[in-house]
2 protein chains.
Amino acid sequence: MLNLTEQPITAADKTFFQLRKDIVEGVVLAGSKLSETELSTKYSVSRAVIREAINRLATCHIVERKANVGARVVSLSPEGLVDLYQVRESLEGMAARLAAQNMTDAEIADLNTLLNVHSQDVKNHGSYYQEAGDVDFHYRIILGSKNNHLIAMLVNGIYHLVRMYRVQLGMSGPRVSTAFEEHKHIVQAICNRDGELAEMLMRRHILYSKNNIQRKLAPQLEA
Amino acid sequence: MLNLTEQPITAADKTFFQLRKDIVEGVVLAGSKLSETELSTKYSVSRAVIREAINRLATCHIVERKANVGARVVSLSPEGLVDLYQVRESLEGMAARLAAQNMTDAEIADLNTLLNVHSQDVKNHGSYYQEAGDVDFHYRIILGSKNNHLIAMLVNGIYHLVRMYRVQLGMSGPRVSTAFEEHKHIVQAICNRDGELAEMLMRRHILYSKNNIQRKLAPQLEA
DNA sequence: AAACATCAAATTGTCGACAATTACCGCTAT
DNA sequence: ATAGCGGTAATTGTCGACAATTTGATGTTT
């Protein structure tokens with residue numbers, strides 16, 4: 001576990017990655033049932049590897065499994081989003097604090113470089129902040145915490161579910177332009193080795209992000 | 001998932017619970033290799049259910065699996081303990097805060113009742129605080145948070161690994177007598193619906209607990 | 001018409017066998 | 001003696017078939 005490069009080794013690995021991708025991107029619909037026989041023909045593997053892939057998806061909280069009944073893709077709800085982002089706020093805030101304490105100077109320099117690249121992207125593409133860039137930013141801070149349990153829980157725990165919410169409920173809009181500025185301030189705090197501030201800024205950043213998605217999830221409440 | 005009563009349904013359930021118990025209690029040694037064929041004869045089930053049980057143990061961070069190589073029980077180390085308890089402090093602190101906010105009055109009353117029972121136990125058995133009682137206390141607060149992701153991460157995430165550290169590295173000693181007082185103060189804060197204080201007290205409580213275990217884990221550093 | 005029992009079809013759970021990969025041991029060469 | 005190299009034994013990964021359970025429809029009863 002904790003395969004950061006996500007290099008598939010076995011057939012179960014490949015199927016797991018592919019199925020996860022399909023679910024996160026909405027190719028396999030949220031809330032739909034996952035039939036083992038159906039998937040085994042679709043992905044051309046035996047039911048055993050499908051079962052293993054589904055079990056791994058269950059550990060990511062992306063599918064829910066009931067004994068003798070089967071597995072369903074989770075459905076996205078406002079309550080689920082709140083619960084998820086509460087946990088994320090706590091864990092990633094902690095990651096930022098630990099990162100300020102444990103990242104090497106070289107790693108922090110790399111983080112600054114990444115930020116400069118994004119700055120150019122924002123200028124060139126008109127203040128559009130790439131999803132991949134944002135994920136990369138958060139990944140580095142998570143890894144920078146150097147806490148293996150924390151890393152495992154986030155990277156192969158809840159992070160793909162977070163991505164699922166973001167991909168399927170839109171992360172475009174006016175919000176994305178401000179995210180970059182927030183990232184800058186977080187890195188600044190980490191540079192100063194100010195863990196407390198880094199944690200607070202990260203928590204705010206995630207809170208804003210939650211509010212942004214929440215608006216799209218329940219647009220009827222805006223009126 | 002999230003079977004709180006832990007009622008085994010399938011053979012894989014039963015094997016998972018049994019194997020987890022054996023590992024947590026040290027019957028299966030920390031750091032040892034888990035041979036699939038060996039376990040399948042030992043527990044009288046096919047390799048398929050053993051594989052599923054091992055996969056579930058991997059999601060609890062109790063075993064680590066490498067492709068084409070096999071699974072090993074994690075080994076207990078001071079670094080692992082620190083990482084684990086950092087995460088636990090953050091998550092259970094959050095649970096206490098949310099519990100103060102979300103538990104019903106009836107649930108809080110039950111929690112007080114539980115505390116009174118423990119108080120009697122302490123008097124009768126000479127200030128010995130039962131492991132089971134402590135676990136029960138923490139369980140109730142975790143469930144009281146009403147955050148399903150948080151509950152899942154703690155209950156079938158890291159909690160059994162926490163128990164493994166505590167069981168195998170001793171939770172007896174002078175520390176246990178003070179734990180009950182700390183529990184009382186946490187419940188008091190929850191009664192007052194003071195989430196901030198409940199979180200802070202819970203974090204302290206877990207920090208003390210970590211220090212206590214850490215002393216036993218590295219006794220050579222005491223001199 | 002609604003609720004319940006019964007049975008058939010479909011789905012999940014479990015098993016043993018085979019394939020692929022890794023680990024171990026003895027051998028050779030330097 | 002040690003490092004590198006087969007080759008064999010053991011272990012994990014994958015598969016298809018069978019058993020157990022659930023689901024849904026059908027028919028019966030109140």
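Within every chain, numbering begins at 1; the chains are lettered A, B, ... in the order of the sequence lines, protein sequences first and strands thereafter. Just so it is clear, the values below take in all heavy atoms, side chains as well, and ignore hydrogens, waters and symmetry mates.
Taking atom NZ of B:K33 as the reference point, atom P of D:dT11 lies 7 Å away to the nearest angstrom. Rounded to whole Å, the distance from CZ on B:R72 to C1' on D:dT11 is 13 Å.
The aromatic rings of A:H138 and A:H205 sit parallel to each other, their planes meeting at less than 30°, with 60° as the upper class boundary.
Among the atoms of the strands shown, only primed sugar atoms or phosphate atoms (P, OP1, OP2) are found under 4.0 Å from some heavy atom of A:L34.
Within the cation-pi definition used here (under 6.0 Å to the ring centroid, within 45° of the axis), B:R88 qualifies as a partner of B:Y85.
Between A:H183 and A:H118, the ring center distance fails the sub-6.0 Å criterion.
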message: I'd like to compare against my own output: the B/S/- annotation of nucleotides 13-18 of chain D with a strict under-4.0 Å heavy-atom distance to protein.
response: BBB-B-
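Classification of B:E38 and B:K42 as a salt-bridged pair fails, no side-chain N sitting under 4.0 Å from a carboxylate O.
Nearest approach of B:N156 to B:C60, heavy atoms of both residues: O-SG, 3.9 Å.
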